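Labels below follow one simple rule: chain letters A, B, ... track the order of the sequence lines, proteins then strands, and each chain is numbered from 1. No experiment lies behind these values; they were computed from the predicted model shown.
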Amino acid sequence: MTYYNKLVKSGISRRSVLRGMGAGAAASTLAMPTYLRAQTAGKIKMAYITPATGPLGLFGETDGYTVQKIREALGGTIQAANGSTYELEILERDSQSNPNKAAEIAGDLILNEEVHLVVPASTTDTILPVMEQAELYEAPCISSGAPWQAVIFPRGGGDFDWTYHFFWGLDEALNTFVGLWDGLETNKKVGMLFPQNIDGETWGNNDYGLPVPTRAAGYEVTIPGYFQPRTNDFSAQIAAFKEAGVDIIGGITYPDDLKTFVTQCNQQGFKPRAVTVAAALLFPGGVEAMGALGNGMSSEVWWTPAFPFNSTITGQNSAALAAQWENDQKRQWTQPLGYSHALLEVAIDILKRSTDPLDREANREAMAATNITTVCGPVSFGGTPHKNICTMPIFGGQWVKGESWPYDLKIVDNSVNQLFEPEQKIVPIVW
Amino acid sequence: MTYVADAIGRRPGVSQPSALPPVIVSRQTASGRVAMVLFLLAVVALAAMPWWAKTGTIRMVLELCCYIAVAQMWNMLAGYAGLVSVGQQAFMGAAGYALFVLAQTFGVNPFIAIFLALLVPLVLAVPCYMLLHRLDGPYFAIGTWVVAEVFRLVASNMGFLNAGAGMSLNVMKEYSLLERNIAMSLLCALLILVTIGGSYWFLRSRYGLALIAMRDNPVAAASQGVNVPRLRFMIYIAAAVGCGLAGAIYSMAQLRINPPSAFDPMWANVAIFIVMVGGIASIEGVLIGATIYFIADRWFGQYGASYFVVLGVMTVFVALYARGGIWGAVSKRWDVHWFPIRRHLIYKPEDKA
């Protein structure tokens, strides 16, 4: 305890220890930052919390990469609207996909590092606990990468002062699913898969979840109860779907669960014409893991290289962003890439427009007044559907045999947002 | 090295009848007395945090206190009672949920609710132990894990607890920052006082003597008249309530609870690491181990998977080659226990006259 107190008071950090170790060698260069600081009006600290590791690591994969790109593009400084130039430090932290960790880190960054803007990126498990901390300790917090209902309703709904979020809504994703199924000839019977967790319960809710628009569009719905994430037996669900004579599978799962489910469907002779699942089919890896069974899977689309908007920071369009990623990483682009970029676009834009980027209240006002077109589409908080939310466009997509990669994601439905025409028509799964 | 009669005086030196050599039973040592003063000062310092620490520091100290408390409870179970549990998070989560339900759903003052919430792990621990005590060694460990998983599954199916979506503690916004800081500081002080101070007091009592005998060899202890099953039951219940208090305080600071975060198996890993590396079956070891873990987590947490690998390798290394942990190595060299619980017989023939 006494050692710890000493540690806190003297403000030692791992970084300062490491810096101390290299101080001798770097004595001459150490003078540089002081000289630079003298020219700027101060240092803006931005907290960037992402699930870089853990079960949701795939969602955070593009975050660290994008931060690096944005840092390079900005060169460490921001020219604010008030005429001053500020140094920008982005404090990147890994939430380990763990809500407890995310809350601890957010509390630490807000209270001890005294950051001026909090930016949690990707997934409800990371965003929601960070939002709670930001709201209680009064730090402006901008986020994206989770359906907006999932970060508003679990906190009791209502209006919030410090936390703003932009993403598509569940209702739109659901309508996209129905739009996809309308494009196919089926017996109009849908079986649904929902895991027993925050996402599954939001999607499966009988008042505002996927069953509502599906029934409204004239489909018959079968829900064999919630399943435990990472289960290895879907026999009960498959038997229920067979008995109901289901032609379509809808819902939300993680990639591992979907792979298990589809493999067991194939083994047990259950062959639906469409499998449309959120989350699991976002990533090429999830589709490739299913081998030949991955062909024809369908899902909602957040962002693809086909989006027509240009970045406000680098000027690149979506196709260029995807090409740059594939070139740097030697891997196929993934959908969160667009949102990783858009989130930082909005965050930087807030700091630029703020009357005093070193003041949380000023940043909050700038955040509420956001009006910018990012690579994922326009962002502004106009009060609908919720004070703290801006809804983003969403499309329906299908994974088909690819050209340079095993599978390509093609936009096949635009019934919710008519920003542009679908690339092709949805086709039934060939088992 | 000189020993004097017990300064606390609860079990003063016993002058023996003439048939036996005149000895004094001594438990307190000079280092123990110094450490006792420092411990009490630390508790006072914890309680007074709003006057010397920033909100951020209080929050960090709170996390450290939770690590210490959970590790000490695990230490009592594994180090003394021989009950290796990997499921103490069951009681942490249960108390956390009880706090959220009482404060958020029923509108009880959260700082009162935290104490009412302790009834839940207390009541739940009894039937759990009734089931678990039939299992031995590794089976007991697996059993406790199963119990924690069952708790998690039950919580994720109860609409009353908002199922998998979890709950938020919005009522905390009704209190000012200063009020929250004072409450959190007092809770930290109480947590340390109850878990560390309580364990120390327990180990120095009659039960402690029996517990130490049991730690060394349960069969031999039973043959000497120690009621091993009853003692184990007491420790299990006490550890459940201690973990419950830590869990409730921790989730109050987190503001959110959902089944995976409430019943996070990470707590078992943390407790095992702290106790194994610090030194099993010693309070000093817990304090050392918790400090190491806390600093390691702050400095190296961002390295993700490789950081956990290093922690795991360290634990395995200590378990294989340095079974007493850091404190074991220290106490082998220097006899300066901070929390002395050994009895020393001191032969003083000149006192006889």
Side-chain angles (χ1 to χ4, degrees), chain A residues 1-5 7-9 12-15 17-18 52-54 57 92-94 96-114 124-125 128-129 131-133 135-138 150 153-156 158 194-202 205 226 228-229, chain B residues 38-39 41-42 45-46 52-65 68 104 153 156-157 162-170 172-173 177 180 192 250-251 253-262 264 266-267 287 290-291 294-295 297-305 307-308:
Chain A
M1 178 66 33
T2 40
Y3 173 56
Y4 170 68
N5 286 342
L7 200 76
V8 167
K9 275 186 191 149
I12 299 175
S13 69
R14 179 187 54 85
R15 203 160 286 166
V17 170
L18 293 182
T53 58
E92 233 181 304
R93 294 288 185 279
D94 176 13
Q96 298 166 9
S97 307
N98 179 334
N100 281 340
K101 202 83 229 167
E104 283 181 15
I105 291 170
D108 180 46
L109 290 175
I110 295 169
L111 296 168
N112 293 321
E113 297 284 353
E114 293 173 358
T124 318
D125 273 352
L128 200 42
M131 277 181 157
E132 295 279 12
Q133 299 286 328
E135 198 68 42
L136 185 72
Y137 294 121
E138 306 190 336
F153 292 140
R155 296 195 288 154
F194 301 111
Q196 185 97 59
N197 62 19
I198 190 161
D199 294 326
E201 279 161 28
T202 314
N205 190 295
Y226 293 94
Q228 279 300 320
Chain B
L38 289 179
F39 174 71
L41 283 178
L46 281 179
W52 62 266
K54 290 189 307 176
T55 309
T57 312
I58 296 178
R59 214 194 127 84
M60 283 164 80
V61 171
L62 182 129
E63 280 164 29
L64 179 65
C65 289
I68 292 175
Q104 194 66 41
L153 291 178
S156 56
N157 281 290
N162 206 8
M167 304 173 76
S168 285
L169 200 60
N170 295 329
M172 293 304 281
K173 280 178 211 142
L177 190 62
R180 276 186 269 133
I192 290 301
Y250 182 78
S251 43
Q254 296 293 80
L255 303 170
R256 255 202 84 67
I257 200 164
N258 67 0
S261 67
D264 190 353
M266 188 67 198
W267 284 105
L287 297 180
T291 312
F294 185 75
I295 294 171
D297 197 50
R298 284 283 169 300
W299 287 8
F300 307 113
Q302 56 181 298
Y303 296 112
Y307 155 72
F308 288 115

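- No part of A:Tyr226 comes within reach of chain B, as not one of its non-hydrogen atoms sits under 4.5 angstrom from that chain.
- Judged purely by atom type and a 3.5 angstrom limit, A:Gln196 uses its side chain to pair as donor or acceptor with the backbone of B:Ser156.
- Residue A:Glu132 touches chain B through both its backbone and its side chain, counting heavy-atom pairs closer than 4.5 Å.
- For the atom pair CG of B:Leu177 and CG of A:Leu111, the computed distance is 8.0 Å after rounding to the nearest 0.5 Å.
- Interface remark: B:Ala53 contributes no atoms to any contact with chain A (heavy atom separation under 4.5 Å).
- A distance of 3.5 Å separates NZ of A:Lys101 from CG of B:Asp297, quoted to the nearest 0.5 Å.
- Put simply, CE on A:Met131 and CG on B:Leu255 are 14.0 Å apart, with the number rounded to the nearest 0.5 Å.
- Between the OG atom in B:Ser261 and the CG atom in A:Asp125 there is a gap of 8.5 Å [rounded to 0.5 Å].
- Neither the backbone nor the side chain of B:Leu41 comes within less than 4.5 Å of any heavy atom in chain A.
- Using a 4.5 Å cut-off between heavy atoms, A:Gln228 contacts chain B through its side chain alone, with no backbone atom that close.
- For the pair A:Glu104 and B:Arg59, the minimum side-chain heavy-atom distance is below 4.5 Å.
- B:Asn258 has its side chain out of reach of A:Asn197: every pair of non-hydrogen atoms, C-beta onward, lies at least 4.5 Å apart.
- Annotation: side chain of B:Met266 is not in contact with side chain of A:Gln96 (no heavy-atom distance under 4.5 Å).
- Contact of A:Ile105 with chain B is not made at all, since no heavy-atom distance falls under 4.5 Å.
- With rounding to the nearest 0.5 Å, the separation of CG in B:Asn162 from CD in A:Glu201 is 7.5 Å.
- Here the side chains of A:Asp108 and B:Glu63 are not in contact, with every heavy-atom distance at 4.5 Å or above.
- Only the side chain of B:Lys54 has a heavy atom closer than 4.5 Å to any heavy atom of chain A.
- Using a distance-only test at 3.5 Å, with no hydrogens or angles considered, no donor-acceptor pair links the side chain of B:Gln254 to the main chain of A:Gln133.
- Using a 4.5 Å cut-off on side-chain heavy atoms (C-beta onward), B:Arg256 and A:Asn100 make no contact.
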